[in-house]
Amino acid sequence: MNAPKNAHDDFRTGIPAVDFLVTFLRGRVERARSGELDRGASAVEWVIISAVVVAIVGVVAAIINAALSEGANKVGDCIKGADAGKTC
């Protein structure tokens, strides 16, 4: 049987809900002290970077779409008014 690391590891009240709460809170405190919470900050940074990239791609797509629509309209107008003797 493994011996507890210190006297606090063997804390039990006999009330399951309180024992769970104490164990849960100890785990949260240990995680905070270990610096493991940096992963969350990194995930937020990736979300922000991804949102910026998606926004840039959306703007570029809108610009290209507008340019293509304008060009297509010009070609369509040229075809409608086409004459054998003139060029667009």
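Computed from heavy atoms alone, side chains included, the values below leave out hydrogens, waters and symmetry copies. This chain uses plain numbering: 1 for the first residue, then up along the sequence.
- Residues meeting the side chain to side chain contact (heavy atoms under 4.5 Å, CB included) test with L25, sequence neighbours left out: L21.
- Screening residues 64-73 for salt bridge (Lys or Arg N to Asp or Glu O under 4.0 Å), with sequence neighbours left out, gives E70-K74.
- The side chain to side chain contact (heavy atoms under 4.5 Å, CB included) test applied to I64 returns V60, L68, not counting sequence neighbours.
- By the 4.5 Å side-chain criterion applied to Ile, Leu, Val, Met, Phe, Trp and Tyr, V59 is assigned to a cluster that also includes I63.
- A search for side chain to side chain contact (heavy atoms under 4.5 Å, CB included) contacts involving V54 returns nothing, not counting sequence neighbours.
- Other residues sharing a hydrophobic cluster with V47 under the 4.5 Å side-chain heavy-atom criterion for ILVMFWY residues do not exist; the residue is a singleton.
- Remark: side-chain polar atoms of N65 are not paired, donor with acceptor, to backbone N or O of A61 under 3.5 angstrom.
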